[in-house]
Structures are given as C-alpha cells and as structure tokens.
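Data first, discussion second: the structure below is written as structure tokens.
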Amino acid sequence: MASLAKAYPNAHCELNYSNPLELLVATILSARCTDQRVNLVTAKLFKKYRSAADYARVPLPELEQDIRTTGFYRNKARSLKGCGQALVERHDGQVPNTMEALTQLDGVGRKTANVVLGNAFHLNYGVVVDTHVARLAQRLGLTQEKDPEKIEQALMALVPQTQWTQFSHWLIWHGRRRCTARKPDCRGCELRALCPRIGVTTPI
DNA sequence: ATCCCGAGGG
DNA sequence: CCCTCTGGAT
C-alpha cells in the first residue's frame, strides 16, 4: 500500500462534479464507460439539469439523447429519471448519505453508492469495487473471490477503514495507468516486488 | 447467466 | 474483428 501511495500521491475521483447530485449522475453514467467520455457528456448535461426535479420531469427520449454516447443509454436514462423522481418524492430533492437509501435508487448498487459516500460525503463506508479494483485484487493475489461484494469484504479486512476510499483510488489509478486489462505494463510497474504474477503468468 | 450499448484501442 | 471502459437489473 505504501508503494501505491508513493506512486499516486494525488489519486482522486476523476469524474467532474460540483455537488452530490452531479457525482451521483456521473457515476451512474460511468458504468462500462471511460470517465473521460462521461466528463465530456456531463459538461453539457450539468448546465441543462441542475436539480433532481429536472431529471424527474424530462421526457425519457430527450434524456436518452443527452447521454447517448455513454452507452447503455436507455437503461441509464431510466435510472436517472427514476432517481430524480425518488429524490423529489422521498428525499426532499437531496441525495441521501446512507448505503441503504442510495442502493434503493434506480441503477445504484454498492459500487455507485460507495463512490458517492466516499467522495461527495467523505464517508469511508466501503471500498469501491469496479472493474479495475476487481481485476487488480485478483492479479495482486489480495483475494480469490470473484463476486464484487466478497472482494469488497476481503479488501475492507486488509485496509484500515480511514483509507478505504483512498485505497480504491490508488487501485483505480494503477489499473488505468499501469495494470491495464489487456496489456499490463509490468516492466515499469511500481508493484513488481509484491506482484505474484511477475515471473509466473506474466513474463518481463 | 444474460442483457443493455457507444466509442476507442489493438 | 475482438476486447475493454470506475455496473446494475432481470
């Protein structure tokens, strides 16, 4: 973990947002999509949609077109509109700050909820297990589990609670920059010394 | 287990 | 062409 801290001292959430609602929306859009593309879409989106009520009242086809290039746009549009309606009806238009309330929102699972709790509310409720964290936890031999929730349990047991959110960012940054899915750069990897794959399944 | 879905890299 | 990108619902 010290190696990661040294390699990525400035690791942080790379989605652009200025309030909890914007982070919730950006994170829902980020499913199977690069954060760079999400930021491209939200740059326009957040000027048009400024409150939960704006998502609640927009016609679905219009919202679909506004987010189309993030992929899965029909599902995501339904989720965003459903979230907007739920926030207006049950949460006074505000984004809730508990796992229970967040995961009841349309299209919000533990991963998305942990992103919102950890970054918008600065609560270390859990570890964000996305595609990068899951892949790196496997490669680094931190767990053999494949189910995201079990991976999260394993990582929470390994890392002090005060670092859960930061630890997620370290793995995500490392996964994007070095330990990529298709072609990991093992030569320049900061974690060579402690990676079980070096010299085994991955040469050089 | 399968579906949703566009965009970019190799 | 195939795989991957800060997943979640059925």
Side-chain angles (χ1 to χ4, degrees), chain A residues 4 8 10-17 20 22-45 55 60-61 63-86 99-121 123-140 142 145-152 155-156 159 163-186 202:
Chain A
L4 283 169
Y8 310 108
N10 194 33
H12 60 274
C13 179
E14 295 184 88
L15 295 169
N16 294 335
Y17 65 97
E22 289 189 355
L23 181 58
L24 175 65
V25 170
T27 307
I28 288 173
L29 294 179
S30 75
R32 314 305 299 192
C33 177
T34 60
D35 56 339
Q36 183 181 352
R37 177 150 300 280
V38 172
N39 288 335
L40 220 55
V41 169
T42 55
K44 298 180 191 171
L45 195 72
Y55 294 97
L60 214 40
L63 182 52
E64 287 175 357
Q65 288 314 305
D66 288 337
I67 65 169
R68 193 181 58 82
T69 58
T70 64
F72 296 161
Y73 62 89
R74 284 195 282 267
N75 284 344
K76 289 175 181 176
R78 270 202 304 277
S79 294
L80 292 183
K81 187 172 172 67
C83 281
Q85 292 171 335
M99 175 62 71
E100 294 73 17
L102 282 168
T103 52
Q104 281 178 14
L105 299 172
D106 292 347
V108 179
R110 279 193 72 89
K111 180 264 171 182
T112 299
N114 274 329
V115 169
V116 172
L117 291 171
N119 296 284
F121 296 118
L123 301 171
N124 280 295
Y125 189 91
V127 173
V128 176
V129 179
D130 64 2
T131 180
H132 294 302
V133 173
R135 182 178 70 253
L136 267 66
Q138 297 281 338
R139 287 182 177 174
L140 290 169
L142 302 180
E145 298 289 351
K146 304 226 167 171
D147 174 45
E149 285 207 31
K150 293 187 176 176
I151 294 174
E152 185 182 352
L155 296 182
M156 288 191 291
V159 178
Q163 308 233 64
W164 284 350
T165 299
Q166 189 58 38
F167 181 71
S168 306
H169 289 143
W170 284 332
L171 289 190
I172 290 166
W173 276 46
H174 191 60
R176 292 196 58 200
R177 291 160 175 73
R178 196 72 77 187
C179 195
T180 58
R182 295 180 83 155
K183 202 170 71 120
D185 178 17
C186 300
T202 304

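The chains referred to below are lettered A, B, ... by the order of the sequence lines, with proteins before strands, and numbering in each begins at 1. Values below: every heavy atom of this structure, side chains too, minus hydrogens, waters and symmetry copies.
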Exercise for the section: Ignoring backbone atoms, establish whether Arg78(A) has a side-chain N or O less than 4.0 Å from OP1 or OP2 of dG8(C). Expected result: no
Completion exercise
Side-chain contact check for Ala181(A): nearest option of dC5(C), dA7(B), dT6(C) is dC5(C)
Handout entry: Nearest-nucleotide pick for Tyr73(A), side chain only, options being dC5(B), dC5(C), dA7(B)
Key = dC5(B)
Handout entry: side-chain N/O Thr131(A) vs dC5(C) OP1/OP2, d < 4.0 Å
Key = yes
Handout entry: Distance, P atom - from dT6(C) to dC3(B), rounded to whole angstrom
Key = 24 Å
Fill in the blank from the handout: Interatomic distance, CZ@Arg110(A) vs OH@Tyr125(A), rounded to 0.5 Å, equals 6.0 Å
Handout entry: Distance-only donor-acceptor test, Arg74(A) side-chain atoms vs dC4(B) base atoms, 3.5 Å
Key = no
Exercise for the section: Have a look at Phe72(A) and say if it touches a base, only the backbone sugar-phosphate, or nothing, with a 4.0 Å heavy-atom cut-off. Expected result: base
Handout entry: Other residues, nucleotides, ligands: >12 heavy atoms within 6.0 Å of Glu100(A) CD
Key = yes
Practice task
Quickly work out the Asp130(A) CG to dT4(C) P distance and round it to whole Å.
Solution key: 15 Å
Exercise for the section: In whole angstrom, give me the gap between the C1' atoms of dC5(B) and dC2(C). Expected result: 16 Å
Problem - Between dA9(C) and dA7(B) - C1' atom distance, rounded Å - result: 23 Å
Exercise for the section: Could you check whether Val115(A) gets within reach of a base, just the sugar-phosphate, or nothing at all, counting any heavy atom under 4.0 Å? Expected result: base
Practice task
Please round to the nearest 0.5 Å and tell me the distance separating atom CD of Glu22(A) and atom CG of Asn16(A).
Solution key: 9.5 Å
Practice task
Pick base, sugar-phosphate or nothing for Arg37(A), based on heavy-atom distances below 4.0 Å to the nucleic acid.
Solution key: sugar-phosphate
Handout entry: Spacing between Lys81(A) atom NZ and dA9(C) atom C1', to the nearest angstrom
Key = 20 Å
Exercise for the section: Quick one: which residue pairs count as a side chain to side chain donor-acceptor pair (under 3.5 Å) with a foot in residues 130-140 of chain A, not counting sequence neighbours? Expected result: His132(A)-Arg135(A)
Exercise for the section: Would you mind reading off the distance between Leu102(A) atom CG and dG8(C) atom C1', rounded to a whole angstrom? Expected result: 15 Å
Exercise for the section: Report yes if at least one side-chain N or O of Ser168(A) is closer than 4.0 Å to OP1 or OP2 of dT6(C); otherwise report no. Expected result: no
Exercise for the section: Please work out if Thr27(A) contacts a base, only the sugar-phosphate, or nothing of the nucleic acid, heavy-atom cut-off 4.0 Å. Expected result: nothing
Handout entry: Nearest-angstrom distance, C1' atom, dG8(C) to dG8(B)
Key = 23 Å
Problem - Integer-rounded Å distance: dC4(B) C1' and Ile28(A) CD1 - result: 15 Å
Practice task
Identify whether any heavy atom of Glu14(A) sits under 4.0 Å from a base atom; if not, whether one sits that close to sugar-phosphate; answer base, sugar-phosphate or nothing.
Solution key: base
Exercise for the section: Starting from P on dC5(C), measure out to CH2 on Trp173(A) and report it in whole angstrom. Expected result: 17 Å
Problem - Candidates dC3(C), dG6(B), dC5(C) - which lies nearest the side chain of His132(A) - result: dC5(C)
Exercise for the section: May I have all residue pairs that pass side chain to side chain donor-acceptor pair (under 3.5 Å) and include part of residues 168-177 of chain A, sequence neighbours excluded? Expected result: Tyr8(A)-His174(A), Glu14(A)-Trp173(A), Glu14(A)-Arg176(A), Glu14(A)-Arg177(A), Asp35(A)-Arg176(A), Asn119(A)-His169(A)
Completion exercise
Against the side chain of Arg182(A), the closest entry in dT6(C), dG8(B), dG6(B) is dG8(B)
